[in-house]
Number of protein chains: 2
Amino acid sequence: MEQGVLLTKMASLVALTDEDRRALDALPIIDTKVARRRPIMPQGAQPDYVYLLRSGWAARHEVRADGSRRITGFLLPGDFCGIHAICHAAMDHAIIALTDCVVGKIDGSAFADLCHQSSAINQAVWRAKLIEEAVLRKWLLFSTDSYQGVAHLLCELYVRAAVVGLAADGQCRVPLTQEEIGDALGITAVHTNRVIQRLRGEGIIDLSHHELTIRDAAALTRAGAFDRSYLEPWLSENAISLLG
Amino acid sequence: MEQGVLLTKMASLVALTDEDRRALDALPIIDTKVARRRPIMPQGAQPDYVYLLRSGWAARHEVRADGSRRITGFLLPGDFCGIHAICHAAMDHAIIALTDCVVGKIDGSAFADLCHQSSAINQAVWRAKLIEEAVLRKWLLFSTDSYQGVAHLLCELYVRAAVVGLAADGQCRVPLTQEEIGDALGITAVHTNRVIQRLRGEGIIDLSHHELTIRDAAALTRAGAFDRSYLEPWLSENAISLLG
DNA sequence: CGCCCTTTTGAAGAAAATCAAGGGCAGTGG
DNA sequence: CCACTGCCCTTGATTTTCTTCAAAAGGGCG
């Protein structure tokens with residue numbers, strides 16, 4: 001595997017010049033495998049490297065004093081983590097592999113240099129960060145209602161997967177357990193199960209064996225009050241578009 | 001008022017050279033007054049300017065279809081908003097004045113140039129953004145328990161106010177209504193009131209007339225499981241410090 | 001086949017929302 | 001100076017949502 005996901009992702013964020021593409025291709029990336037449930041980055045780390053998720057799914061999470069945890073974000077192929085390296089900050093949370101993953105390690109200062117040299121790449125990195133932040137805000141916005149929360153999360157994951165070519169035609173692999181979905185929404189696995197069953201019973205989705213099938217995209221969008229524009233904030237057309 | 005808050009804030013994030021200070025001082029800032037409850041930046045805007053809150057409190061928020069809203073962040077003097085300008089993205093949320101505010105307008109490309117020229121300032125802006133993101137994650141982490149959530153929020157606000165010289169000796173002006181606190185935590189104003197009364201009854205805090213008094217810092221820190229290190233992620237000493 | 005992890009189901013209990021109404025305080029205007 | 005008004009805080013009773021606890025049923029894999 002070469003820089004595939006990285007280029008796809010960057011190109012989805014900004015218009016890249018040929019020079020940008022060459023620079024990205026030339027970026028030395030060291031791939032590492034991380035097994036499911038293993039840490040990719042511990043809380044408190046001060047990474048020297050920026051990490052790029054090349055394949056697999058991962059999550060940002062924080063563990064509470066009582067042992068419970070909250071997932072504060074899902075990472076899909078093409079997503080960065082450890083951007084903290086570019087400003088020498090410590091990780092306030094941990095990153096863990098949800099499936100077997102391949103993680104690319106990019107030297108932090110090489111990455112920072114690249115951002116300094118190419119304004120498009122710098123912009124792409126900022127945009128990626130702003131989108132991540134927007135996602136966090138949506139999670140807060142919709143975490144007060146579990147039904148809406150689950151629906152919105154599934155929309156988010158579907159669209160994000162589609163951007164990197166991992167979803168199409170209302171089908172998407174979502175390798176999460178119901179417990180992990182619950183940890184993301186701040187609800188129990190039991191309650192997550194009931195919400196998913198409700199969505200299934202209403203004929204809106206099917207979610208089993210880690211495969212999501214959206215049976216009624218309009219209803220799911222409505223249930224989750226989902227508007228994908230926060231995932232593409234530079235498209236000024238503020239049309240409330242469906243999942244497609 | 002000159003660049004006071006800006007310098008204080010930046011200096012709290014990185015070590016500034018004299019040149020950085022001069023550059024920041026030379027930055028043209030246009031001040032505007034915004035009255036309480038008035039928008040500072042609407043959702044969907046594609047700002048050309050980076051805004052700096054010079055005095056007063058503001059909030060990021062999003063309104064739901066049913067008219068309810070969620071506050072997704074509080075802005076204190078020295079905080080930036082509209083960083084979206086530096087990568088030409090649209091605002092996914094709105095910013096509103098919670099008190100009468102003075103807002104400084106900084107040309108987006110001038111600001112971007114400054115970041116490009118000074119690595120310290122670039123680092124400071126990144127750090128400020130990472131802290132904001134860390135705050136969002138803590139809100140998610142602690143929003144499942146209203147008691148812990150209120151306690152944690154008050155700790156956050158106290159520490160952030162202290163950083164810019166607006167809090168000391170366990171006293172801090174917190175110009176929020178209970179409804180606004182509730183909107184930040186995703187709970188109703190009624191329930192917020194009961195939680196605050198509980199904290200008051202336990203002798204931990206006093207919060208009335210927009211004045212917060214921390215009567216038992218250790219108990220408040222405990223109640224909110226608060227660890228200020230996420231607000232200063234470059235200090236590698238991971239000691240769980242009290243509010244001090 | 002048997003084991004572990006995940007999903008599913010049921011019943012009881014806790015947390016927070018909702019609905020409704022009263023009370024305090026500050027600013028306004030007579 | 002005092003009454004009025006609007007906003008915010010406070011309190012109580014009821015209902016909804018979600019948790020907790022417990023246990024059973026699938027499904028994949030050694």
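Computed from heavy atoms alone, side chains included, the values below leave out hydrogens, waters and symmetry copies. First the proteins, then the strands, lettered A, B, ... as listed; each starts at 1.
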Item to complete: Rounded to the nearest angstrom, tell me the gap between atom CZ in A:R194 and atom P in C:dA11.
Response: 11 Å

Practice prompt. Pick base, sugar-phosphate or nothing for A:S146, based on heavy-atom distances below 4.0 Å to the nucleic acid.
Written response: sugar-phosphate

Item to complete: Verify salt bridge (charged side-chain N to carboxylate O under 4.0 Å, His left out) between B:D79 and B:R160, making sure each step is shown before the conclusion.
Response: CA-CA 10 Å; B:D79 285 335; B:R160 288 177 56 198; 2.7 Å; yes

Item to complete: With heavy atoms under 4.0 Å as the rule, sort B:T188 into base, sugar-phosphate or nothing.
Response: base

Discussion item. On the nucleotide C:dT8, are OP1 or OP2 found under 4.0 Å from the side-chain N or O atoms that A:R200 carries?
Written reply: yes

Item to complete: Indicate yes or no for a side-chain donor-acceptor contact from B:D100 to the backbone of B:A35 under 3.5 Å, with no hydrogens or angles considered.
Response: no

Item to complete: Send over the distance from A:L176 CG to C:dC5 C1', rounded to a whole Å.
Response: 16 Å

Worksheet item: Taking only N and O in the side chain of B:Q178, is any of them less than 4.0 Å away from OP1 or OP2 of D:dC7?
Response: no

Worksheet item: With a 4.0 Å cut-off on heavy atoms, is B:G149 in touch with a base, just the backbone sugar-phosphate, or nothing at all?
Response: nothing

Worksheet item: When the nearest nucleotide of DNA chain D is assigned to A:V190 and to B:L207 on a heavy-atom basis, which residue is associated with the more 5' position?
Response: B:L207

Practice prompt. Find the distance B:I187:CD1 to D:dC9:P and express it as a whole number of Å.
Written response: 13 Å

Discussion item. Regarding A:G182, tell me which of base, sugar-phosphate or nothing describes its non-hydrogen contacts under 4.0 Å with the strands shown.
Written reply: nothing

Fill in: B:N193 vs D:dC9: side-chain N/O to OP1/OP2 distance below 4.0 Å
no

Worksheet entry | A:H191 vs A:H209, nearer the 5' end of DNA chain D by closest nucleotide | A:H191

Discussion item. What contact category does A:R198 fall into here, base, sugar-phosphate, or nothing, at under 4.0 angstrom with non-hydrogen atoms?
Written reply: nothing

Worksheet item: Going by an N to O cut-off under 4.0 Å, is there a salt bridge joining A:E133 and A:R127?
Response: no

Worksheet item: Considering residues, nucleotides and ligands other than A:D169, do more than 12 of their heavy atoms fall under 6.0 Å from its CG?
Response: no

